[in-house]
Amino acid sequence: MSYQQAAVYRRRAAHLLHLATQISTTPSMTLHLHAGVDTWYGPRADACASDLERAQQAVHDAVDDLRTQAFTFERRADELEAAALQAERQAEIEGRA
Amino acid sequence: MIGGYDPDRVAELEFAARSALEHLDRIVSTDPAASAALDATRRLGAVLSAALAPAIASLRVSDPLGRAAPRRAGVAGLDWYAEWVRSTIETARRTNGDDELLAELERLELDVPYDDEFQPDLADPFWHDFRGLAIELAVRAEADEGFAQRLVDRAAGSFLIPIAVRFARFDPEVVAGMLREVARSPSAVDDLLSAYQAFGADCVLSTLIEFPAVALEVLATSGSALLKELIEWPFLDPDVVDGFLDAAMSVPFSHESRLGDAHAVLQHLVTLANRKLHETGFPDPISPTIAKVVVQYLPFFVTSLNGHGDVHLKDFDFRDAGVRLGSYEEVLDLFGALLRDPASLDIVLASVPGIALIGAGDNGPLGITPDDMADLVAAINRAALNEQLEERLKTARAERNARLAIDIVFGAFELVRLVTGPVNIGGTEVPLDLLKRGTVAIVDWAITDTDLALDDVANLTFLLVVFGLSIGVLRSRSERDEDAEDIVREIEERTAAGATVDDLEGLINDLGRVARELDDTGVLDVLDDPRVRPPDLDVHDAADLGE
């Protein structure tokens, strides 16, 4: 059962990493390059740029959290597999005895 | 209030924002650990649609001619000469009338440079000047619907109009209109003009890859005519067509409301497969793309592949969508057309273990049973018989790549899993990637080490079913079975070492036998079904492992 749980954690970790890459490479994360003073200026343009920057920063933070969570899932999978392996070895030793 | 702006750069910003929104809409996940990230992307999307887009729209209202406001001092001065050159090139045509611009386009078509392979020579300075014209066309099309329509109407006759899409940002709806026109008069003649026309079509298709929802809409609403040209126009770049179809047909998995459009495209595919022209299969470069599309939607029509009557499509809740894909025989022709191409055959075959596993699962909302899987195997085998594909398969074997085929199939299943949820057997989730390695091994072996022909399709589908179901049964058990795991390992090792047909057949039958002994759910009983078991294979006589 532990191997199955570990596989589920690994799959979730891979999915979260993929999602993190997908989000961080979306064109919206480079949109500020099109929205600078070369393109437009004035109070409303400044407000848009400011809103955009805040929203992008929140996405950056969320992407970091996704990667951290993926790392945690990977570690959890390692622990489960190690525990399962240990249990198998123990059973083998007890079987010989 | 906006103090000043550059209309061309604002047009770029608007285009980039629309593309960004489309990409954000495609980010989906059912994992609870991703909910905060999805919330953040939704908030970013809200900024784009609720703040940025209205601000851009307000510019159009306040200055419908889109002329540039004076720049703030010092901004352009950082690199004033480059800025002056850019601005001069991009606005040089601004004083021309619409008719003058269109006449200039016609004149320039005589001067388009070509390279040694008779393709447009993009390194030539001609295109630097053309960029200014393309930007002016885009600016006017944005401001004047009538002018945009004139461009669309002329797109088929003037190849520089679709090519302009590569150099300036046009509204995606205008680009979609151009695609409809361009695809109305493709040429099968290998000459310079045809090369330019095909290049123009590639430019339009590449742009619409960034707008998958528009791509799907134009495919669905153009009847089978547009799809026909994408498949049959020999000078289109197959990678571009692949990207276009893939982007379009993936849309419903993030926007279920667009499923009807995808169903229409699938109906067009069945129609095309039944045309006389495709009795020998779809053209090589595009056939694997079509196979991928079919496999992606296979779980949503496999339950009505029951050997007679009509085949109907289901929605993502697995309710009848009320859409007829075609008659059973017509859908068999679609499979048959795909089996004609070796790379597509691999993709269709590689879908079998996945469907077998789904069929063996606890069903839940899927509603796919082992009986449906048996119908799929029967359909593939019948299609193979219908097509008499022997000779073609043998000649093209060297070009095949099993790993790529399996990647395509399992990528498609991952997308499907987003809407169907995981496959469970006995309440335990069975990750599809468990099947992946073994499926690669078996299909790779079939391609390289067997004389895969008509009869072998039936044998191979059977082996893949046994493999898929056995893995499913073994993984559903809380206790591990060493015999079964030894056999799985042996299959992988022997296939990697180039096992013979007899070696592998015996091993997989052994796996099936061991799995049957452990199977308390009865899912492996389907192996006795005559639709699944090839007539010349005796599963009860398999050699034991180690004999």
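In what follows, chains carry the letters A, B, and so on, assigned in the order in which the sequence lines appear, proteins first and then strands, with residues in each chain numbered from 1.
Interface remark: A:Asp65 contributes no atoms to any contact with chain B (heavy atom separation under 4.5 Å). Using a 4.5 Å cut-off between heavy atoms, A:Ile23 contacts chain B through both its backbone and its side chain. Residue contact with chain B, scored on non-hydrogen atoms closer than 4.5 Å, involves the backbone and the side chain of A:Gln56 alike. Only the side chain of A:Leu66 comes within contact range of chain B, judged by heavy atoms closer than 4.5 Å. Looking at B:Val47, only its side chain comes within 4.5 Å of chain A, counting heavy atoms on both sides. Neither the backbone nor the side chain of A:Val63 comes within contact range of chain B, judged by heavy atoms closer than 4.5 Å. Interface remark: B:Leu48 contributes side-chain atoms only to the contact with chain A (heavy atom separation under 4.5 Å).
By the 4.5 Å heavy-atom criterion applied to side chains, B:Ile27 and A:Leu19 are counted as neighbours. Counting heavy atoms from C-beta outward, A:Leu31 and B:Leu44 have side chains that stay 4.5 Å or more apart.
A donor atom on one side chain and an acceptor atom on the other are found under 3.5 Å apart for B:Ser29 and A:His15.
Residue with the most contacts toward chain B among A:Cys48, A:Ala62, A:Ser28, A:Ala70: A:Ser28 (heavy-atom pairs, distance under 4.5 Å). Taking B:Ala36, B:Ala33, B:Ser19 one by one and counting their heavy-atom pairs under 4.5 Å with chain A, the maximum is reached by B:Ala33. Chain B forms the most heavy-atom pairs under 4.5 Å with one residue out of A:Arg12, A:Met29, A:Gln22, A:Arg54, and that residue is A:Arg12.
A:Thr39 and B:Arg9 make their closest contact through OG1-NE, 3.2 Å (heavy atoms, listed as atom of the first residue, atom of the second, distance). When all heavy atoms are compared, the tightest approach of A:Val59 to B:Ala40 is CG2-O, 3.5 Å.
Distance check, rounded to the nearest 0.5 Å: CG of B:Leu52 to CZ of A:Arg44 gives 9.5 Å.
Heavy-atom neighbours of A:Glu79 CD from other residues, nucleotides or ligands within 6.0 Å: above the threshold of 12.
Checking each of B:Leu21, B:Leu24, B:Thr41 against A:Thr26 for a side-chain contact (heavy atoms from CB on, under 4.5 Å) leaves exactly one that passes, namely B:Leu24.
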